[in-house]
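The sequence lines fix the lettering, A, B, ..., with proteins before strands; numbering per chain opens at 1.
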Amino acid sequence: MAQVFHRSMNTVSRLSIVVAGMIGGAVPPLAYFVNQSPNETLVKVVREQPIPFSHEHHARGLGIDCRYCHTSVEVSASAGMPPTYTCMSCHSQIWKNAPMLEPVRASLREQKPIEWTRVHQVPDFVYFNHGIHVQKGVGCSECHGRVDRMPLAWKEKPLTMEWCLECHRNPEPHLRPKEAVFVMDWAASETDLKAHGATDVADLGTKLREEYKIEVGRLDNCSICHR
Amino acid sequence: MSKSRETNPDELSEIRARLASASGPEYWRSLEELAGTETFQHYLHREFPENATEMTDPETRRHFLKLMGASLALAGVSGCAIRTPEKIAPWVKSPEQVVPGRPQFFATAMTFAGLATGILVESHSGRPTKVEGNPDHPASLGSTDIFAQAAPLCLYDPDRSQVVLQGDANNDGTFADFTFDDFLAALTNKMNDLRPKKGAGLRILTETVGSPSLAGQIKEVLAAYPEAKWHRYEAVGKDSAKAGSKLAFGEIVDPIYHFEKADVILSLDADFLACGSPGRTADERAYAAKRTPVKGEMNRLYSVETAHTNTGAAADHRLAIKPSEFVDLALAVAKEAGVEGATPGKLTEVQAKWAAAVGKDLKKAGKKGLVLVGDCQPAYVHAVGIAINQALGSIGPEGTVHYIEPIEADPVDHLASLTELVKDMEAGKVNTLLILGGNPVYTAPVDLKFTAALRKVPLSIRLGQHVDETSEHCVWHIPEAHFLESWGDARAFDGTASIVQPLIAPLYNGKSTHEILSILLGQFERPALKVVQEYWKAQGTAADFEARWRKALHDGKIADTSAKPKAVTAKGLAAIGPRPPATPSTGLEVVFRPDPTLWDGRFNNVGWLQELPKPITKLVWDNAALVSFDLAEKLKLANNQIVELKYKGRTIQAPVFIVPGQADDTVVLHLGYGRTKTGRVGTGTGFNAYALRTSDAPAGGPGLELTKTEATYPLASTQMHRYVEGRDLIRVATLEHYLERPDFVHENEEHSEQSIKPEYEYNSYKWGMAIDLNSCTGCNACTIACQAENNIPVIGKDQIMAGRNMQWMEVDTYFHGKDPNDPEVYFQPRTCMHCEDAPCELVCPVAATVHDAEGLNVMVYNRCVGTRYCGNNCPYKVRHFNFLNYFDEAHPALNEPTLKLLNNPDVTIRSRGVMEKCSYCVQRISGARINAKESGGRIQDGDVVTACQSACPAQAIHFGDLNDPNSRVSKIKKEPRDYAMLGELNTRPRTTYLGKVRNPNPELIEA
């Protein structure tokens, strides 16, 4: 029986093994890379909203506190989204006829909620609680970034479990005095250090962790976030 | 599917012999176990029986493969694409006091057979999800029964009727959709007709009415239409209790029991520990409190019954007799207890001895004795029971029972009332009939021929939650509002009134009885809220009404409305008149009882209750012709065998199920199944026992003929599932033995708690549970509370038969004794033990089940890959695997949008391929921890109450922090009765049990 394959096929087959190995080896890191990329995590991706609401304008320009709209952020799992009435408490006075705000007026007229697109989404099996983070001195900007510099909202951090655990295992660098939680551009001042008896910024984190009785070592238990 | 070779008739004698032999098992669960059938071996050897993982139905299998293919493809897609963005829809105007993400609790009341139970309903953003007991309400005391727990599922039932229907009384259930306005026009026309005729021909049929405002409204209707009549029919009613009360006292009065004072209790067929009994939570709580042997004294419960019930299982002495023997037995006890004029007829030797001992014991207890008589017993037995209590001196403020004015508004004999209605309908005297609630076409005694009579009524209007058998034969069907959707009021067993407030606007524009009656009165602008408010405004000063109203809504009860004790004197037995003639006791007797989970059939379409194993039999999704062991042996019957039952000329077919301990020569039939028109869940379940029930024998009677057939019907009983065979799981002692040796539970234990591993220090909280077997009455409230709290799916009969039960908390039934016809029964709630050295954790290849720092054995669903190694390695067999995507695929009726509203948002919905088990209600622990941390303190004892613990009427379940020496659970675990299930395995379970102590009468213990 004649040879089916030419001798040169040996080279091809050897080469194909090497190439296959290279591809195989590249898949896991590639998958990880894709998984961590903004393509998956949507970090810094602006989502389309029914109304181009600007946090930059409202929070920074007008100086409205986060809690004016996100009312339950200190006491509940959910930070709370403002009802149409909250929007209209100002916009029945100013920019009454702005075409951009028509969806707000329509919502009031038709008694139908405004459907916002969720920007920060965690899986259903994750039970994040805003209240406890605020109570323990985790500033809004730690997770949400400088919202006051976002003309349209985007996600600043990936909200992956890896990212959550980073802080749950080592919370000190992310803590600040409770009164500064809602301050967007907070940086530890001398007064802060003095008030908590800390020697430097790193020490302030340690002092605050002790003060707030944050039990590191238990915060990475599965049952803390999953139920 | 497992081969179903069930018990063979010829094996029954072998079973008896095996039990009697010394090597027989001490505790056993089923006859299949004793016979060692293949089915039993299947369930025993494989927690998930052979082929349980495979799809056996070819069509489903193809569907499954298709799904698998699709989901694989989707997995690839979702791996590299942006997920569909989720939407957030905030309120337009935020309601007061609503904090998104935090549930609210509202007090309301659930009415069952005319009596109210106060409940607190958990509401998430306006949708009720879970029922808890109202601690301030006398009929709840913080606990609930299975029916109250199932209320949210009843509310969201996708099969509820949703539109107004109009049909023709003479056709067979064909309907056209109409609007409510059409109905209004039709009814108003008719009313204009009727008004000049003073309402001649107008009839209203309701179930038991306990609501004061509704009763007031009915009175208004009767005043406006003086010729109209109000009829009542409750399928499982209290007619004979009322008649008995009339016989003994000359008037109808309701009893209030004081179990806290009772030392010796005799139940004559009164299943006061079963769900559905009035005032049951209060009674059970007080009864269970007297079962703590610590002080060396316990009450003693005797139970005489036909069917095997929770009360019989709890009793220290149980006697199974035929219904026809009750009169003589009651008289024999009465005679011994000192009732004058009690002359019992002939009794068997065992019965005579029993009656003598019980009578003597009661007499000794004096006013601390208590006799209860069941609702199914004839009036005379009720009168004898009252006479015994009178002779003991236990009636009155000092004693164990006092009487109050009846709670039912205008109490009448329901059967007589219905019979009168049917006669009038047949005679053409009824031109307008309003059926407000109830399902009389299905439940009316078969000999009354209610359906035929109903078809003669030109205008029949039916208010009902489902389009059912009755709707089919009425001209109009109006969707009824659920009690969580409507305003109303109700009274508890002791008279305490509550306002029923809605938690949600009617999902399907349902109307309440109040609203229909308002229309009848021409008061179109008088909604239920107004009716209720007006009634209660009139009951006090108008000035402070607003304050009173708000307080009543907040408290869930209206202060100072409980009924005052009424002074009554029972006539002597001689004055009552002659005893009913003794019925011939040869042949079989049929016994009708409400189903333990579906009651009279009203809960037929509720998946949770269908799948809730019935006490003793553990049957699910079906009823059966229940027979005793001896009868099965005599007639050579086997489980699942279909028999033909002929009673008073009518015949039905039903599968047999053998119940150890039932009275011989009786067949017990549970009502509530075999519905011809019901929702998708209830369709095709069980057989209709109402087809044999006649108006002269609503509780059954002698003269049943049983013919065997060769056919079989597969019954699903969970009794054999998840069995730990041959281990010392239940530990029992008599009071006498307990006093000698309080730590009797450790008598046969040989194990040391040494470990080569270093001890883990739980330095924060250390959660643990203790379950008191002495208090547990096996009512199953814990099972269903757990199901409601933890989003546990309903899986259907086929899945149950494949051994795939999903309920995290199961109540096991164990039989004990050498006589399969008269065993003792023990209940043991079993759920994840949260072992400190958990065998499941060691074998999980992906660390999906791990320990946390507070000692919880946690299950991480998103890690689980479904190897089921953990389930295999769990000695307690408490892990449950999602073989299917049960929430969406198991049953067509379950994949409906309304049911999504039911889910607890604090608990993950598990998908296919994931293992799950009891989490100690980790969501409640987390919630309490966050609350405590926010206020800077620690979780206090009592802050975390698990769902099962909260529901338990007997307070048998205790949960808390074991690091706190003063917590209730720590103290209870220090009792000498505390033992660990399978402690010899050194798994160090966090859930432990308190051994059961029985208090038998020395006179009745066989030498």
Hey, which residues of residues 90-112 of chain A are touching chain B, say heavy atoms under 4.5 Å apart? A/S107, A/L108, A/Q111, A/K112

Contacts of type salt bridge (Lys or Arg N to Asp or Glu O under 4.0 Å), residue A/R227, not counting sequence neighbours: none

Do any side-chain atoms of residues 860-867 of chain B form donor-acceptor pairs under 3.5 angstrom with protein atoms, and if so which ones, sequence neighbours left out?
from: B/R863; atom 1: NH1; to: B/A847; atom 2: O; distance (Å): 2.7
from: B/T867; atom 1: OG1; to: B/Y869; atom 2: N; distance (Å): 3.3

Selection from A/Q135, A/E115, A/R218 maximising heavy-atom pairs under 4.5 Å formed with chain B: A/R218

Ring geometry between A/W116 and A/F53 (parallel below 30°, tilted from 30 to 60°, perpendicular above 60°): perpendicular

To the nearest 0.5 Å, atom CG of B/N790 lies from atom CD1 of B/I909 at 10.5 Å

Would you give the length of the straight line joining atom CZ of A/F125 to atom SG of A/C222, rounded to the nearest 0.5 angstrom? 12.0 Å

Would you mind telling me which of A/V119, A/N129, A/D124 has the largest number of heavy-atom pairs within less than 4.5 Å of chain B? A/N129

Charged N-O contact under 4.0 Å between A/E142 and A/K157: no

Lys NZ or Arg CZ of A/R67 over A/F182 ring: under 6.0 Å, within 45°: yes

Between A/E56 and A/R149, does any NZ, NE, NH1 or NH2 come within less than 4.0 Å of an OD or OE carboxylate oxygen? no

Just by modelled atom types, is the B/A932 backbone N or O under 3.5 Å from a matching donor or acceptor in the B/S935 side chain? yes

Region of B/S919 in contact with chain A, defined by heavy-atom distances below 4.5 Å: neither

Those residues of residues 73-88 of chain A, ordered by number, that approach chain B below 4.5 Å (heavy atom to heavy atom): A/E74, A/V75, A/S76, A/S78, A/G80, A/M81, A/P82, A/P83, A/T84, A/Y85

Specify which of B/V858, B/V922, B/L856, B/D906 makes the most heavy-atom pairs with chain A at under 4.5 Å. B/D906

Heavy-atom pair count under 4.5 Å with chain A, highest-scoring of B/R102, B/K93, B/Q923: B/K93

For the residue pair B/F959 and B/Y920, does the interplanar ring angle fall in the parallel (under 30°), tilted (30 to 60°) or perpendicular (over 60°) class? perpendicular

So, do A/I224 and B/R929 sit near enough that their side-chain heavy atoms are less than 4.5 Å apart? yes

For B/Y765, is the NZ or CZ atom of B/R938 found under 6.0 angstrom from the centre of its six-membered ring and inside 45 degrees of the ring axis? yes

